[in-house]
Every structure is written in C-alpha cells, then in structure tokens.
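What follows is a single structure, written as structure tokens, with notes after it.
Counting starts at 1 for both ligands and their atoms, in listed order.
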Amino acid sequence: MELYLDTADISAVKRLSRILPLQGVTTNPSIVAKSQASLWEVLPALRDALGGEGKLFAQVLANQTEQMVEEAELLHSRVPGLVVKVPVTAAGLAAIKILRTRKIPTLGTAVYGAGQGLLSALAGAEYVAPYVNRLDAQGGDGIAMVAELQQLLSLHAPHAKVLAASFKTPRQVLACLLAGCQSVTIPVDVAEQFISAPAVQAAVDKFEQDWQGAFGRLSL
Ligand code: E4P
C-alpha cells in the first residue's frame, strides 16, 4: 500500500517522515492557501522535507480544459515527477484525456461517487481520490463508495489506484484499507491520532515506574 500525508506543513512532514513509511505528500489549493506560502516554494520544500525523494501531488486551479492542461504542464515541468490533481468535472475529464497523451500523470480528485471516479480512471488518471469524510458529512457513505470504486477499478481500469482522501479519523482510514483500497492520504492530525494513544503512553510510564521502583534507575 501507499501512505501519503495531506498537508503543506513542512515541519510536520519533516517530523512525520522520520516515523511513518511515507511515499510522499498530497496538497490541494486550500491546503497551500492555508500555509500562506507560494506554491513554487512549498513544493520543493516538501520534497526536501521528505529527504529529497517521494511523490508529490499538486492541483490545477483552472476550471476550463485548456487552462487546466496549461497549468498541469507548468506544474509538471517545474516539479519533476509531480502527479497533477485534476477535479473530475466535464472539463477535468477532457483535460485528463489530453494529459494522458502528453505523458503527464494525473489524479482525478473531488470524487464523490464511484462512477465519477471510474470515468477519471478510464480517461487516463493514474490515481483516483474519493472524498470519504466529505461524503459522510453529506449523509452519504464514504467507505461504501471507496469499496465500490476499488472493485470497479480492479475490473475495468486496473492501471489506476484508489488514493482515498478526506479523513477525519483513523477508523475511516482503516475501513478504506479493509475495503481493499491501495493508497490513502491522511492529514497531520489523523496521523498523530494513529501514533499517540494516551493508553499507550500510560503503559510505557508504568513500565518505567516499576523499573525505577525495583532498581532505582531508568536504564537496563
Ligand atoms: C485530497 O485529494 C483532498 O484534497 C483532501 O484530502 C480533502 O480533504 P478535506 O475534506 O479534509 O478538505
């Protein structure tokens, strides 16, 4: 499986890439806007924070096919290996088809339905990003969508991977992985929830206390 961080927070990527088996970092326009830094500074800094390697994802802002293609070409030429995120609208699907012929890798994003995700894969996207929590928040079932999409891609577009996105809890992430999706991108707070359970710290503290009580020191 592939694990990504969904952030433009350079120090968080530096810290978490030492702990987690990260394949790279995903961003979107809202995430970059929140960092208040220029996209052209953020992307190289994220790659440095990953130790100079790892896959980066950045999204086009345009909403018309021609401009989407231009922005994708710019992103791809300035950041080697970058995967371009394209919202799966009618204009986005047309852009993905063109970008495929130009050998620019894409991810179909803003996916709220399995059929919509399948279309982006058939158009040529390498990754498809279903929005799990956003669909849940609308009263839908994000995990069921991921399960359906995974099955559809396995049957009809096996070159493409589900990269499930928009998570608020570790449980949502695990449910997607159990549904068979091969990659996930998680925000920093969800990554921290995975590794900082209070009960775990309490157990480690108790081992120290017991050892200190018996031997009067904190080393073996
Ligand atoms: C990734 O492709 C999405 O842009 C991102 O995960 C959306 O997350 P949000 O719903 O927490 O904004």
Side-chain angles (χ1 to χ4, degrees), residues 1-9 12-13 16 20 22-37 39 42-43 46 50 54-63 68 71-72 75-76 79 81-89 92-93 95-96 99 104-114 116-121 123 125-146 149-150 153 160-177 179 181-194:
M1 65 163 280
E2 297 172 26
L3 175 65
Y4 296 92
L5 268 190
D6 199 23
T7 186
D9 179 340
V13 172
L16 289 169
L20 301 173
L22 291 182
Q23 261 74 46
V25 171
T26 59
T27 64
N28 66 30
S30 304
I31 288 172
V32 175
K34 193 170 156 206
S35 79
Q36 293 199 322
L39 180 65
V42 163
L43 293 172
L46 286 171
L50 286 165
K55 207 173 262 190
L56 294 179
F57 296 72
Q59 192 167 321
V60 296
L61 197 58
N63 57 23
M68 284 172 155
E71 287 184 358
L75 281 164
H76 194 254
V79 185
L82 181 122
V83 179
V84 181
K85 293 173 69 178
V86 179
V88 185
T89 56
L93 283 169
I96 290 169
L99 291 165
I104 295 182
T106 55
L107 172 150
T109 194
V111 169
Y112 286 78
Q116 180 200 6
L118 174 63
L119 287 180
S120 69
E126 281 186 17
Y127 290 90
V128 182
Y131 279 8
V132 176
N133 191 70
R134 290 198 200 191
L135 185 59
D136 286 352
Q138 292 182 355
D141 186 341
I143 309 301
M145 168 181 55
V146 168
L149 177 60
Q150 180 57 57
L153 295 193
K161 288 182 189 168
V162 175
L163 199 173
S166 179
F167 290 111
K168 287 291 166 280
T169 67
R171 179 45 53 191
Q172 289 172 323
V173 179
L174 294 180
C176 282
L177 295 172
C181 100
Q182 307 111 318
S183 45
V184 289
T185 183
I186 59 175
V188 171
D189 64 319
V190 172
E192 274 160 359
Q193 287 175 55
F194 265 113

Take S120 and Y127 through the test side-chain hydrogen bond (donor to acceptor under 3.5 Å, both in side chains) and record every step on the way to the result. CA-CA 9 Å; S120 69; Y127 290 90; over 6 Å; no
Please say whether Q59 places an N or O atom under 3.5 Å from an N or O atom belonging to ligand 1.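 No: no nitrogen or oxygen of Q59 is under 3.5 Å from one in ligand 1.
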May I ask you to check whether T185 has an N/O atom sitting below 3.5 Å from an N/O atom of ligand 1?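 Between T185 and ligand 1, no N or O pair is found under 3.5 Å apart.
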How far is [atom] from its nearest protein heavy atom, and which residue and atom name does that atom have?
atom	answer
atom 8 (O) of ligand 1	S166 CA, 3.5 Å
atom 6 (O) of ligand 1	D6 OD2, 2.5 Å
atom 12 (O) of ligand 1	R134 NH2, 2.8 Å
atom 11 (O) of ligand 1	K168 NZ, 3.0 Å

Does CD in Q36 sit with more than 12 non-hydrogen atoms of other residues, nucleotides or ligands closer than 6.0 Å?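 No, because the 6.0 Å sphere around CD of Q36 holds 12 heavy atoms or fewer from other groups.
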Quick one, I31 and T26 - any side-chain contact, counting heavy atoms below 4.5 Å?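 No, side chains not in contact.
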Would you mind reporting whether V83 and L56 have side-chain heavy atoms less than 4.5 Å apart?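 A side-chain contact is absent here, since even the closest heavy-atom pair is not under 4.5 Å.
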What atoms in ligand 1 come closer than 4.0 Å to a heavy atom of T109?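 The atoms of ligand 1 under 4.0 Å from a heavy atom of T109 are 2 (O).
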List ligand 1 atoms under 4.0 Å from K85, heavy atoms only on the residue side.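 Within the 4.0 Å cut-off of K85, ligand 1 contributes 1 (C), 2 (O), 3 (C), 4 (O).
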Tell me the nearest of T7, L107, L163, N28 to atom 4 (O) of ligand 1, using heavy-atom distances.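 Minimum heavy-atom distance to atom 4 (O) of ligand 1 goes to N28.
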Carefully, step by step, assess Q172 and D136 under the rule side chain to side chain contact (heavy atoms under 4.5 Å, CB included). CA-CA 10 Å; Q172 289 172 323; D136 286 352; 3.2 Å; yes
Between V184 and M1, is a side chain to side chain contact (heavy atoms under 4.5 Å, CB included) present by the stated rule, with each step listed? CA-CA 8 Å; V184 289; M1 65 163 280; 4.0 Å; yes
Proximity of F167 to ligand 1 by residue part, where a heavy atom lies under 4.0 Å: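 Looking at F167 and ligand 1, no heavy atom falls under 4.0 Å.
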Does A179 offer a backbone N or O that forms a donor-acceptor pair with the side chain of Q150 under 3.5 Å?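 No; judged by distance alone, with no hydrogens or angles, the pair does not exist.
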